Structure formats: C-alpha cells, structure tokens
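Small disclaimer: the values here were computed from a predicted structure and weren't measured. A note on names: the letters A, B, ... follow the listed sequences, proteins ahead of strands, and every chain is numbered from 1.
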Amino acid sequence: MDMKKIEKKWQAIWEKEKIANFNPKNIDKKYYCLEMFSYPSAAKLHLGHWYNYGPTDSFVRYKKMKGYETFQPMGFDAFGLPAENYAIKTGIHPKDSTEKNIANMEQTLREMGALFDWNAEVKTCNEDYYKWTQWLFLKLYEKGLAYRKEAPVNWCPSCKTVLANEQVVNGECERCGATVVKKDLTQWFFKITDYAEELLQGLKDLDWPEKTKLMQKNWIGKSIGAEIEFTCESGDKFKVFTTRADTLFVVSFIVFAPEHPLVKKLTSDGQREEVEKYLYEASKANEIERLSTTREKTGVYIGHNAINPINGKAVPIYVADYVLYSYGTGAVMGVPSGDERDFEFATKYNLPIVRVTKGINCNDDLPFHEEGIIVNSKGFDGMTTQEGRKAIVNKLIQEGKAEYKINYRLRDWLVSRQRYWGAPIPVVYCEKCGIVPVPYSELPVRLPYDVEFTPDGESPLAKHKGFMETKCPVCGGPAHRDPDTLDTFVCSSWYYLRYPDAHNAKEPFNPDIINKMLPVDKYVGGAEHACMHLLYARFITKALRDMGYLNFDEPFKSLVHQGVILGPDGLRMSKSKGNIVAPDPYVEEYGADVLRLYLMFGFSYTEGGPWNDDGIKAITKFLDRIERLAAKINSLPVDKNADKHAPNGKEEKALLYAVNYAIKCVDRDMDSFSFNTAVARLMELLNAIYKYDGAETEKNIPLFKDCFKKLVLLLAPCAPHFAEEIWEGLGNKTSVFYSKYPECDESALTLDEVEVAVQINSKMRTKLVVPSEIDEQGIREIIEKDEKLAAEINGREIKKLIIVPKRLINIIL
RNA sequence: GCCGCUGUGGUGAAACUGGCAGACGCGUCGGACUCAAAAUCCGAUGGUAGCGAUACCGUGUCGGUUCGAGUCCGACCAGCGGCACCA
C-alpha cells in the first residue's frame, strides 16, 4: 500500500469532515484528553513527540469509537528563554523565529495524522492569550495571592545580566565564564504556600502515578512540630521550630542562620570580628558549596547564651550556614545525640552530646533519631518519644512558651523573570501611588517588538523607553512599568482552561463551558513536570475556584507519563552525544501508521527505553498480511444463505473465541495505555484468522468476513490511515471512526473443555484436558483414571487437593 | 546521604487479585517455493544432560512466609529518577 498517498488522502477527508473538531452539542459525552503542549523548537518533531502524541491519539480515537465526544487540543508554549538566547546569538527576533517554528511544527503535527482540534489551538505568545495571563496575574494580586519581595538572582558581573539557573554552570556564567554572584532584586511571587495543605490532601483522590504523587508530597514537605520560645541572657526572645520537642532537655547549643536578625544584635564585642568574618564568607559561598551535604559544617559562637525553657540551662548560640533562614524560624535547637547534623557540629566544636532516646530492641548508637523511650529528661523519663513530645509541648504551652506548628518545605512561586520574551507583568509603579495594577480595560500590556538584544546588562524591556514610561492609571502622573516578564510556567498553568473556549474575546473562558468540559479526563506528558508545572496548574485551579470562576478542585483527574525514548546507546538523546534518532526517515520509508504502531508495540508506554528499529519491519509485515487478507475477502462470493450458517464446528468456535478474546483484551489494554499488549492481541487475532483461512473445512464466509471486519475496527485507532483504506475497500462509505467499537460476546469465551496444569506436591507433572465446569469429585475420578498420575501417586493417600478452577490442580500426598 | 522506581531468554518485552514463567514480536536454525535471490509460507528455538520419552536447573544475590513466589516479607547488589543540610 502506498502509505504516503493514503495518509494525504485520509488526512484531507478528516479535515473536510471536521472529524477532529469537538461538537459542543454532545458535551454530556465529552472526553477531554490533553497532551502537554509543545515548545516551538526549530528542530523538527523528534521521536519524543511521536511517542507522546502518537499512542495518545490512538487512545483518543479508541475513546471516540467507544462513543465519547472527544476533545484533543494542541497548542504551543511559545514564550521562553531559548528563543531569546537565539535572538542574542543571531539577531533574529524571538517573535519571528517562534512563529516560524510554530508554523513548521503545525505542519508536521498535522502529518502525524492525529485528531487534534486545531480550532482550539492556543499559542501563549499571542496577545489574545497573554492578555488573559495578565488578567490571571491581576486576579491573584487582587486576591492577595501575588506580592513583591526581595529575592536573590544569579548575576553575572561581567555580562551584567541575570542568569537563569540552567545558564549557571559550576558556579560560572555559561557565556563568559565569570563567577556568578547572588544579587537581591525585588520580584513578584505567587502565594502557593497558602494552598500547601490542600495541594497535599488533594493528592489522595487523584488517579495519578503513585510516584508522581509521592514526589509532590515530598516537594510540599509537611512537617508537624512545635515552635518553642527561648529567652536570651539579654532578655531577647526567639523561637525555634522542632519536630522533636521530646529531645528538648539535652539541647546543647542553638544555631542561628546567618540572616537571623538577632545575630548582629547579640554578638558580643569579643566575638564580633570573628562573626563578621563568618557572615562575609557565608554570603560569598555560592549555591554549589552551600548545597553540598558533604561539606563540613562550620559556625561561630556569637558570645551570647540562651536559656532552655524546659530546664533553665544556659546554652551557647552559634551562627552557622547549615541553618536556613527561609525555613521555620531560621533558628534551630542543637540536639547532637538525636540529629546527624547537630552531632557533626557538636563533635567539631566540642559541645556536649547527651543521650535522650533509648531505642526499643534496636541498635541505638548515637546519633539516634528514631522513636524510642525518653531518658535524661526529668519528669518525662520512661515516656515514649511520642508521648513525651506532647507532654513537653503542652507544659510549655501552659507557660506561654510554645505552640504547635506545621511547616511546609514548599516555597512561594517566584514568577518574575528578567527577560524579554514573556508576558509583561501588568503593573505600573507610580511615585505617588506606589504599585498600581493596570486596569483590566487596558489589557493587554503589549510586549513591544522594537527592542535590542545586545547583552549589555539590562533586559531589553528595561531600556525600551516607550514601554517603560507610562502614566499612572490612578493619578495620571508619571509612572514606569515593570521591566520583568512572567515565568512561562504561569502561561502553562492555565492553558487547559483556555482550549475549550479558545476564541473568547471577552473573558479568559466562559465558566459555564469550562465547568462542563473540565476536569481534563486524561493528561499525558513527561514525568519531568511532576513538581513544577503539575503543581502550579493545581494551585491556579484552586485559586480560580476560590474566586468563583470554577466549580472543580483539580484540573487533571487522571494522569499518565509516557516513558523516554533513549538513544540507541541507552543514553538520553542529545546533540552533544550525537545519538539523536530522527523520526522523519522512518515516516518516509514506512509511513506514519507504521511508526506509530511500532512505538506502541515495541515499548512499554510508561517505561520507554533505548531506540532500536529491529522490529519495525515486522509492523509493515503485519499490515501487509492484513492487506492481503482484505484482498482475499473482497474476492469471496457474497453468501446468500448467510443466516443459515450458525457457527458450529471446532474451527469456527476457535475463530469466534479468538475474535472475542481479542476484543476483550484490546479494549481493556487500550483503556489502560497498555498499547504493546493491545497490538500483540491484534497480531494473535490476525494469526487466528489466517489459521481459519488455512483450515481444510468449508468456510463460513459471513463469519469469516465479520471477524475480519472486527479486526479492522480494533486496529483502526492504532493505524488510522491504513484502517480507513481497508475499511473503504470493504465497501464502507463512511469513516471507520464513525463506527462503533466491537463488543465482546462473553458466551463465545466459555469453553466446554480447558487444559489445566497438574502438580503433585507442588511440582509440575502433567497437563490434563477437563470439562470446564467440573467439580472436585469429577477431578478425583479423572486423577484415578490417569495412568501417569496413578503411577506417580503409587497408591499413596491424597492428603489435600488444591483446585484453582480452569487453571491448576495440586495433589498433596 | 534520604526517598522512590526498575532488574525476567541472544533481543524488545508479556504474565489480570500469589497458580502452567517467557504471550506477541525481533534474531537465529531447519524446511517449502525459486535456476538463484528477495518476498511469502511452514516448523523449531530459556539452559544443561539424553537418540528419546524425560529429568534437573532457571525471573539481580541471599534468606523467609506459603501446598505453591517473577509477584508477598526481610537483607543486600546494580541501574535509573527525584530531593539535597527543611531541624
């Protein structure tokens, strides 16, 4: 079959019939299947795109044949750093390169033959989209979920520019090699932490991979503990956060993070010089050093002590950079016997290490951080650590020195990017009025086209006067805009809401439509988004719900991660490794259907694996066999006595069994993304039909034809162009995708006889064919009659007979 | 370091709630068709021993639970992914 020709033919027909377009009339039968949209790159579609979109499209087509009104949109995550870097390198404007890339990708995506509803296409860099991204920002600001604060950025002192994390290589600027430093800038944040608890609780009900849920759970990082107030000798008070209040008695020191405000205040004159020096060194330490756990812990005594509220003991206060100011209270109580880090620190600085927990039937060498029995804690000894924790905190609460507290590892989402190619932040800064949101009626704040990309230290927007200089919407006085743009994750945090109402010019989406179309029924994309995109999208959904725009809590009900197709060497494909495999030559040689089918058959979808094209010819062979069978079937005479042929005879029953077994399995496997086994079952069915064809008995032509027809229907989602062509050849006038998916006739699957395995003392001995509905007595009779078994049993008594119906008999002697 | 996932023939991979390990393919070997090749079709194919029926071994390693373990439990090894001092 000329694959190229039929691909063009059927793609044209599908387009003409608008088969991919969602019909709102059938919204009550909607099935919203979403694939993560693409980043418009200059390269052609790579195998990863095919692997993500091909099998998922087959899933959608399957759902369509099952009677759903499917919605499978596609779009582009079009803002972002690569286009801007490309502009700096080549002088080609990001808008131009991006639009060109998008046009290119649209073309190749169409050639895949997927049922994308292009009507609903979304491009995040278009005004009619980012206008609503800005709307979203303003809504979050109104709701108190967007705020400004100082935060460090990576700064290259030589290029005088802010660097993204991925542009920092080993602490050096990717471009010029200068040492990157941290610099504080006032930036915008979204208050995702307000939703930490709900984001955590909501995971329970999601049909997501457990692994992904666990990653989000760890990312959110809930810890339940208490804040305990210490008083300094000076009378100043501070709090520490701890999950182990049961270890309070043996605190042997306190550590402040370098940024802790009391450090400067409490440092004694004698220690001042040393502390100042330490603080300077700590501020210089770059990210890599600070993050290294193997790095030796350092710290300095500040020359001041704190009083332990539970026993009045004075303990020294240190400043050390292993304590993070951004988590908890920025101050930590040091319990060397119960915490590895504290142990290391105490050992180094000769601080007391006193046991506080005795292990229960286990090795409790220090440091010992597990639960156990409390010791060395007057009044609490003998309690379990869990009991002691409560008792100690409760006592301190009565004295007003503690409170229960929950902390989350999750940080607020920094959305400012010191970049050009993104959605401008819709806020102006007025000397008189301060921060003023741009009125909704003035959206979008347009991204100007005429900018320069020379890397001279300022972002292109900052030096664009026409953009920066504006009037205050409140007082009319002079004001300037924010030179930063929004993180592209903001754009992708709500695109699934735009698709179903993509042309709405009045609002980002119509809540009535969205509440019916969402949540997304199946979301398919890479596992690398587990903690960023997928968490941000959940947060935005919940925030919009609380503003009354949505009536559902979670955007993606069910999630699947496709695996990664690696290079033939088993490593991730990359230009630098030179192991990239392009799909185009395969499409050229074998056709889109064959490549799709091969990707479905050769890999476990969620696993992926190294690319290897050894089996791709087998797929062509499989389709050729079907084609030959179709030709044969079309040449068979029409049987006028069709009704008279009731299926009987061994061969016919076997064929009927094969067909219905295939229907049952393929249906189940397609639904659960087990594409490799679905295709295997199709191959089995084809083999069974060939076997029937080759049998010497007289053919039941209507049955033969009917089985073949069912095979084509089952195949259609996986090899859509090919199946259409065969379907048409069988005399059908409408697209195969308007046909109903075949249904399994369970009665054809019940066999009169089954083969069961027979074990003696759990060892495989033989196989027997027995009636499928046989009882224990019947089995005993068969065993007695069987010569081989009788010889094995040799007159011994059967102590126990284990029967697994239709599978196995185990004779215990 | 912590958390998680994975480990099955020469090879890609199957195995639903513990029940005939290796479905379906690739490759290899043998055969048919052919002057020959390609294509196609048929058969064999986990390992070891044996002419053979058959026997023993076999799902990373070691142990456990069970009539029965690829599947459950414990310890370890290897590969991959996530987190990175979160008190």
Side-chain angles (χ1 to χ4, degrees), chain A residues 209-219 221-223 225 240-244 247 255 257 287 290-295 297 320-324 326-335 338-342 344-345 369 407-411 527-528 530-531 561 564 566 570 572 598 601-604 606-619 621-622 624-625 628 665 668-669 672 674 676-687 690 694 755-767 788 799-813:
Chain A
E210 286 306 319
K211 192 182 162 182
T212 308
K213 292 206 263 184
L214 191 70
M215 271 164 75
Q216 287 211 353
K217 188 185 162 208
N218 293 339
W219 188 266
K222 180 178 184 177
S223 23
V240 299
F241 174 72
T242 179
T243 55
R244 293 298 299 267
T247 64
V255 186
E287 195 89 341
R290 264 198 90 151
L291 291 186
S292 161
T293 24
T294 51
R295 176 172 171 240
K297 300 208 170 4
D321 67 1
Y322 79 89
V323 171
L324 308 172
S326 52
Y327 183 79
T329 61
V332 160
M333 62 188 216
V335 181
D339 183 285
E340 263 179 62
R341 296 154 302 180
D342 295 346
E344 196 192 315
F345 194 81
H369 66 267
N407 268 323
Y408 299 90
R409 211 188 69 103
L410 184 68
R411 305 290 161 78
E528 67 275 18
C531 293
H561 296 307
V564 181
L566 305 168
R572 225 164 240 281
Y598 180 59
F601 179 63
F603 303 84
S604 153
T606 53
E607 300 280 317
W611 173 257
N612 172 336
D613 60 10
D614 281 351
I616 198 163
K617 283 203 176 74
I619 300 293
K621 202 168 118 185
F622 169 60
D624 285 347
R625 271 160 63 90
R628 281 200 300 275
C665 295
R668 185 194 58 208
D669 292 348
S672 60
S674 294
N676 51 350
T677 51
V679 178
R681 295 292 93 79
L682 291 174
M683 289 174 169
E684 278 172 356
L685 174 56
L686 181 65
N687 289 342
Y690 261 93
E755 192 188 57
V756 297
V758 182
Q759 301 180 331
I760 293 179
N761 288 336
S762 306
K763 281 208 145 187
M764 275 297 302
R765 282 299 124 176
T766 186
K767 290 174 186 181
K788 185 182 153 108
K799 289 202 188 107
K800 200 172 163 191
L801 194 61
I802 293 162
I803 299 164
V804 182
K806 294 178 195 176
R807 280 186 179 272
L808 172 137
I809 297 165
N810 191 359
I811 302 161
I812 309 296
L813 297 172

Inset, instruction - Using both distances under 3.5 Å as the test, list the Watson-Crick or G-U wobble partner of B/U40, or none. - result: B/A32
Legend entry - A/N676 side-chain N/O to A/F601 backbone N/O, donor-acceptor pair under 3.5 Å: no
Legend entry - Under 3.5 Å on both distances, the Watson-Crick or G-U partner of B/G9: none
Legend entry - Short side-chain to backbone donor-acceptor contact, A/Q216 and A/A530, under 3.5 Å: yes
Legend entry - Separation of the C1' atoms in B/G25 and B/A14, to the nearest angstrom: 11 Å
Inset, instruction - Starting at the 5' end of nucleotides 22-34 of chain B, put B wherever the base has a protein heavy atom under 4.0 Å, S where only the sugar-phosphate does, and a dash everywhere else. - result: -BBSS--------
Inset, instruction - Decide yes or no for A/T677 and A/V679: does some side-chain heavy atom of the first lie under 4.5 Å from some side-chain heavy atom of the second? - result: no
Legend entry - Any A/Y322 side-chain nitrogen or oxygen under 4.0 Å from OP1 or OP2 of B/A87: no
Legend entry - Closest-nucleotide ordering on RNA chain B, the 5'-leading residue of A/K788 and A/D624: A/D624
Legend entry - Rounded distance in Å between the P positions of B/G81 and B/G18: 32 Å
Legend entry - Identity of whatever pairs with B/C51 - Watson-Crick or G-U, under 3.5 angstrom: none
Inset, instruction - Looking at every strand, decide which applies to A/D339 at a 4.0 Å heavy-atom threshold: base, sugar-phosphate, or nothing. - result: nothing
Legend entry - Other residues, nucleotides, ligands: >12 heavy atoms within 6.0 Å of A/E684 CD: yes
Inset, instruction - Please figure out whether A/Y690 or A/A331 has its closest RNA chain B nucleotide nearer the 5' end. - result: A/Y690
Inset, instruction - Take the angle between the ring planes of A/F345 and A/Y322 and call it parallel below 30°, perpendicular above 60°, tilted in between. - result: tilted
Inset, instruction - Mind checking A/G570 for me? I need base, sugar-phosphate or nothing, with any heavy atom below 4.0 Å counting as a touch. - result: nothing
Legend entry - Span that lies between the P atom of B/C76 and that of B/G22, in whole angstrom: 33 Å
Legend entry - Watson-Crick/G-U partner (both atom distances under 3.5 Å) of B/A84: none
Legend entry - A/K297 NZ - B/C85 P separation (whole Å): 9 Å
Inset, instruction - Examine B/C41: is either OP1 or OP2 under 4.0 Å from a nitrogen or oxygen in the side chain of A/R628? Give yes or no. - result: yes
Legend entry - A/E210 CD to B/G81 C1', straight-line distance once rounded to whole Å: 17 Å
Legend entry - Atom-pair distance (CD on A/E528; P on B/G4), nearest Å: 22 Å
Inset, instruction - Please report, rounded to the nearest Å, how far the C1' atom of B/C83 is from the CE atom of A/M215. - result: 9 Å
Inset, instruction - Give A/R765 one of three labels, base, sugar-phosphate or nothing, depending on what nucleic acid heavy atoms sit under 4.0 Å from its own. - result: sugar-phosphate
Legend entry - Gap between atoms CD and P, on A/E607 and B/G12 respectively (whole Å): 13 Å
Legend entry - Minimum side-chain heavy-atom gap A/H561-A/T212 below 4.5 Å: yes
Can you pull every protein N or O that's under 3.5 Å from an N or O on nucleotides 65-68 of chain B?
residue: B/C67; atom: O2'; partner: A/S762; partner atom: OG; Å: 2.1
residue: B/C67; atom: O2; partner: A/N810; partner atom: ND2; Å: 2.6
residue: B/G68; atom: O4'; partner: A/S762; partner atom: OG; Å: 3.3

Inset, instruction - Taking the side chain as every heavy atom from C-beta outward, state whether A/I809 and A/I802 have any atom pair closer than 4.5 Å. - result: no
Inset, instruction - In whole angstrom, give me the gap between the C1' atoms of B/A15 and B/G79. - result: 23 Å
Inset, instruction - Look only at the side chain of A/R409 and the backbone of A/Y327, and say whether a donor-acceptor pair between them is shorter than 3.5 Å. - result: no
Legend entry - Euclidean distance, atom CE of residue A/M764 to atom P of B/G46 [Å, nearest integer]: 16 Å
Inset, instruction - Could you tell me whether the phosphate oxygens of B/A14, OP1 or OP2, come under 4.0 Å of any side-chain nitrogen or oxygen in A/S674? - result: no
Inset, instruction - For A/G221, answer base if it contacts any base atom (sugar-phosphate contacts may also be present), sugar-phosphate if it contacts only those atoms, and nothing otherwise; contact means non-hydrogen atoms under 4.0 Å. - result: nothing
Inset, instruction - Scan A/S326 against the nucleic acid and name what it touches under 4.0 Å (heavy atoms): base, sugar-phosphate only, or nothing. - result: nothing
Legend entry - Quiz item: A/K211 side-chain donor-acceptor pair to B/C5 base, under 3.5 Å: no
Legend entry - Complement of B/C20, any strand, by Watson-Crick or G-U distances under 3.5 angstrom: none
Legend entry - Stacked cation flag A/R625 on A/Y690, 6.0 angstrom / 45 deg: yes
Legend entry - Gap between atoms CG and P, on A/N612 and B/A13 respectively (whole Å): 9 Å
Legend entry - Student check: side-chain heavy atoms of A/W219 and A/L410 closer than 4.5 Å: yes
Legend entry - Pair partner, B/G74 [Watson-Crick or wobble, under 3.5 Å]: B/C62
Inset, instruction - For A/L214, answer base if it contacts any base atom (sugar-phosphate contacts may also be present), sugar-phosphate if it contacts only those atoms, and nothing otherwise; contact means non-hydrogen atoms under 4.0 Å. - result: sugar-phosphate
Inset, instruction - Find the partner of B/G46: check Watson-Crick (N1-N3 plus N6-O4 or O6-N4) and G-U wobble (N1-O2, O6-N3) distances, both under 3.5 Å, and reply none if neither fits. - result: B/C57
Inset, instruction - Return yes if some donor-acceptor pair links the side-chain N/O of A/N218 with the main-chain N/O of A/G221 below 3.5 Å, else return no. - result: no
Legend entry - Pairwise C1' distance, B/C83 and B/G12 [rounded to whole Å]: 32 Å
Inset, instruction - Tell me whether the OP1 or OP2 atom of B/C3 has a side-chain N or O from A/K213 closer than 4.0 Å. - result: no
Inset, instruction - Sticking with atom P, work out how far B/U61 lies from B/U54, rounded to a whole angstrom. - result: 28 Å
Inset, instruction - Answer yes or no on whether A/K222 is positioned over the face of A/Y408, meaning its NZ or CZ is under 6.0 Å from the six-membered ring centre and within 45° of the axis. - result: no
Inset, instruction - Determine yes or no for a side-chain-to-main-chain donor-acceptor pair under 3.5 angstrom, with A/N761 supplying the side chain and A/L813 the backbone. - result: yes
Inset, instruction - Starting at atom OH of A/Y598, determine the distance to atom P of B/A13, rounded to an integer number of angstrom. - result: 9 Å
Inset, instruction - Could you work out the separation of B/U28 and B/A39 based on their P atoms and round it to a whole Å? - result: 11 Å
Inset, instruction - Could you check if the base of B/G9 is syn or anti? Syn means the glycosidic torsion is within 90 degrees of 0. - result: syn
Inset, instruction - Determine the Euclidean distance between corresponding P atoms of B/G4 and B/C73; express it in Å to zero decimal places. - result: 12 Å
Inset, instruction - Check every atom of B/C57, B/G19, B/A84 against the side chain of A/K763 and return the nucleotide holding the closest atom. - result: B/C57
